[in-house]
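Structure, as C-alpha cells:
Everything quoted here is computed from the prediction, not taken from an experiment. All values below come from the heavy atoms of this structure, side chains included, with hydrogens, waters and symmetry mates left out.
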Amino acid sequence: QVDLVESGGGSVQPGDSLTLSCAASGRTFRTYTVAWFRQGPGKDREFVAAVPGSGSGSGERPYYEDFVKGRFALTRDNAKNTVTLEMNSLKRDDTAVYFCAAKEGAIVGWTASYPYWGQGTQVTISS
C-alpha cells in the first residue's frame, strides 16, 4: 500500500516556474515507479512524466512527454519518500490538476496501470 499526497500547486503567470511535490508513505517506496498526470479543464487525464523505481526495468532515467520535455524536471529522493516535479517556462496550456501516481514495474503512460493516486493539486497559469 502506498499513500500519496501532492503539494505545491498555485497560480502563476506564463513563463513562471512552480515546483510540485509528491510525498509517499510505505517502506518499499523506492521500488515504485512514480508518475505525474494532469487533467485540464474539459480534458482527459494525461500522462506527463515518470521516474522509475529501483529494479523496475525502466533503467534509472525519468521519462517526459514531448510537451514538457526541456521544461519540466523530476527529482526523486528515496530517503525522504518524495518525488518533485519542477516546472519551468509554464504556459497557459499547462493549467490543470496535477496528480502523482505510483505502480510497481516499468514506466507506462496509462492511468489504469497505476493503482495508487494522490488527491491532486491545482496549477493555474494566467496573466
message = With a 6.0 Å cut-off on the ring centroids, do Phe37 and Phe99 count as close?
response = no
ask   = Are the side chains of Val83 and Phe29 in touch, meaning some heavy atoms are under 4.5 Å apart?
value = yes
request  = Taking only Lys NZ, Arg NE, NH1 and NH2, and the carboxylate oxygens of Asp or Glu, determine whether Lys91 and Asp94 approach each other closer than 4.0 Å.
outcome  = no
Verify same cluster id: Leu85, Phe47 (apolar side-chain graph, 4.5 Å) = no
query = What is the distance from atom OG1 of Thr82 to atom CZ of Arg76, rounded to the nearest 0.5 Å?
reply = 9.5 Å
ask   = So how far is it from Thr95 OG1 to Gln39 CD, rounded to the nearest 0.5 Å?
value = 13.5 Å
task = Measure the spacing between CG of Leu20 and CZ of Phe72 and express it to the nearest 0.5 Å.
result = 8.0 Å
query = Is any side-chain heavy atom of Thr111 less than 4.5 Å from a side-chain heavy atom of Arg45?
reply = yes
message = Measuring only between side-chain heavy atoms, which start at C-beta, is Arg38 closer than 4.5 Å to Glu46?
response = yes
query = Does Ser25 use its side chain to pair, donor to acceptor, with the backbone of Asp3 at less than 3.5 Å?
reply = yes
task = Enter the distance from Ser11:OG to Leu18:CG here, rounded to the nearest 0.5 Å.
result = 9.0 Å
query = Do Gln122 and Tyr98 touch side chain to side chain, with heavy atoms closer than 4.5 Å?
reply = no
ask   = For Lys69, does the NZ atom sit with more than 12 other heavy atoms under 6.0 Å from it, leaving out its own atoms?
value = yes
task = Look up atom CZ in Arg92 and atom OG in Ser126, then write down how far apart they are to the nearest 0.5 Å.
result = 7.5 Å
message = Applying side chain to side chain donor-acceptor pair (under 3.5 Å) to Ser54 and Arg30, what does each step give before you reach the verdict?
response = CA-CA 6 Å; Ser54 58; Arg30 62 179 179 82; 3.1 Å; yes
ask   = Mind checking whether Trp117 and Ile107 sit in one hydrophobic cluster, side chains of I, L, V, M, F, W, Y counted as touching below 4.5 Å?
value = yes
ask   = Are Glu104 and Thr28 close enough that some pair of their side-chain heavy atoms sits under 4.5 Å apart?
value = no
ask   = How many angstroms lie between OH in Tyr116 and OG1 in Thr33, if you round to the nearest 0.5 Å?
value = 13.0 Å
query = When you measure from the side chain of Glu6 to the backbone N and O of Cys100, does any donor-acceptor pair fall under 3.5 Å?
reply = yes
task = With side-chain contact (heavy atoms from CB on, under 4.5 Å) as the test, would you mind laying out the steps for Val108 and Lys103 before giving the verdict?
result = CA-CA 9 Å; Val108 296; Lys103 66 181 292 292; 3.8 Å; yes
query = Does the side chain of Thr19 reach to within under 4.5 Å of the side chain of Thr84, using non-hydrogen atoms?
reply = yes
